[in-house]
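Proteins come first, then strands; the chains are lettered A, B, ... in the order of their sequence lines, and each starts at number 1.
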2 protein chains.
Amino acid sequence: MMPKHAKEMGILKEHLGKHQLKFTRQRELILDAFLKQEHITAEAMYHQLARKDPHLGLATIYRTLNLFCEAGLAQARHFGTQTQYDNISHKGHHDHLICTGCGKIVEFENCDIERLQEEVASQNGFTIQTHRLELYGLCSRCRH
Amino acid sequence: MMPKHAKEMGILKEHLGKHQLKFTRQRELILDAFLKQEHITAEAMYHQLARKDPHLGLATIYRTLNLFCEAGLAQARHFGTQTQYDNISHKGHHDHLICTGCGKIVEFENCDIERLQEEVASQNGFTIQTHRLELYGLCSRCRH
DNA sequence: TTGAAATTGATAAACTGTATCAAAAAGGAT
DNA sequence: ATCCTTTTTGATACAGTTTATCAATTTCAA
């Protein structure tokens with residue numbers, strides 16, 4: 001049977017090999033947990049993994065998630081006061097309309113905007129990995 | 001002669017009135033300094049205002065900038081390890097291209113994207129007050 | 001002018017993430 | 001399997017940013 005997350009495990013091992021780093025039980029455990037979610041914080045993962053390995057340290061989680069970023073498996077984003085580590089292999093990206101009156105959030109997707117984003121990026125020599133678009137305003141109910 | 005920032009001062013006073021808050025010398029001073037810039041951190045403003053009022057406390061700056069956010073005059077954006085307070089009355093809103101490799105930030109503006117955002121918003125019955133667009137990727141140097 | 005309520009400044013505390021370092025583990029050579 | 005060098009780990013100290021605390025001060029309506 002095919003092991004879970006074989007592709008990502010391969011990417012990680014290749015990165016480790018190229019940089020004289022070692023494959024450890026902790027890195028395997030954290031990768032496995034990481035790939036099951038769209039995004040997670042170090043703190044959340046710490047508590048989540050505490051049951052499987054009570055001695056796994058928080059510093060190790062941070063170090064490993066940062067390692068995943070370097071390997072191209074994850075991406076760090078500052079959200080609120082914490083850092084979210086996004087699972088890059090997860091594709092379905094959506095943007096948000098947020099009502100500043102009542103807090104209502106509407107998700108949307110717009111291909112034209114995405115295309116223009118690519119355009120802007122390439123004009124500046126960038127290759128986009130992901131993006132974040134939030135529109136803040138008043139919904140029809142709160143406008144009155 | 002028209003006082004500087006009369007409109008924003010009015011918005012602030014209205015907010016204060018609605019919430020039983022008071023108009024103070026410090027709030028006026030901080031608003032005045034805030035409106036002169038596109039975005040600033042609390043720490044930067046603290047140093048900037050130290051000459052005008054050496055006894056102005058850092059906590060007051062934080063409290064006041066957060067108050068501006070609640071009044072709709074500012075918007076907090078977490079950038080790296082610090083919080084940037086954006087002046088949303090500033091029309092030339094700029095978005096950011098952020099390199100996940102080296103952290104380089106390129107500012108840009110794109111009218112077509114803004115127009116499409118308006119379109120999406122109105123389709124959903126929203127009136128946009130402000131927005132946030134961040135594109136994450138690799139700059140030309142980091143791609144190699 | 002008075003007095004209740006809000007604000008301020010100074011600083012302690014909380015929070016997130018990184019640095020340190022002795023002990024343990026990995027993995028190639030033997 | 002054993003040895004040996006290098007890397008990693010876990011525990012915790014530390015650094016940087018933001019918030020909480022609280023006595024003294026200021027605001028503003030009566």
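- Listed for the A:R27 side chain is a donor-acceptor partner under 3.5 Å among the backbone atoms of A:K22.
- To the nearest 0.5 angstrom, B:L73 atom CG is 6.5 Å from B:E8 atom CD.
- At C:dG17, one or more side-chain N or O atoms of A:Y62 fall inside 4.0 Å of OP1 or OP2 (strictly under the cut-off).
- Applying the 4.0 Å criterion to OP1 and OP2 of C:dA6, one finds that B:T24 has every side-chain N and O outside that range.
- Sequence order on DNA chain D of the closest nucleotides to A:T81 and A:R25 puts A:R25 first from the 5' end.
- If you find the closest nucleotide of DNA chain D to A:Q20 and to B:N66, the one lying nearer the 5' end belongs to A:Q20.
- If you check distances only, the side chain of B:K22 never reaches the base of C:dA6 with a donor-acceptor pair under 3.5 Å.
- Here A:E43 lies out of heavy-atom contact (under 4.0 Å) with every strand.
- Backbone-only contact: A:R27 has heavy atoms under 4.0 Å from sugar-phosphate atoms and none from a base.
- Note: NE2 (A:H47) to P (C:dC15) measures 12 Å, nearest angstrom.
- Residue contacts shown for B:T83 are limited to sugar-phosphate atoms, with no base heavy atom under 4.0 Å away.
- Residue whose closest nucleotide on DNA chain C sits further toward the 5' end, between B:H19 and B:R63: B:H19.
- Using cut-offs of 30° and 60° for the angle between ring planes, the B:F34 and B:F68 rings count as tilted.
- A close approach under 4.0 Å does occur between a side-chain nitrogen or oxygen of B:H55 and OP1 or OP2 of C:dA10.
- Under 4.0 angstrom from either OP1 or OP2 of D:dG10 there lies at least one side-chain N or O belonging to A:Q26.
- Taking atom CG on A:L56 and atom C1' on D:dT8, their separation rounds to 12 Å, with Å as the unit.
- Between B:D86 and B:R132 there is no salt bridge, since no side-chain N of the basic residue sits under 4.0 Å from a carboxylate O of the acidic one.
- As judged by a 4.0 angstrom heavy-atom cut-off over every strand, A:L58 is placed among residues making no nucleic acid contact.
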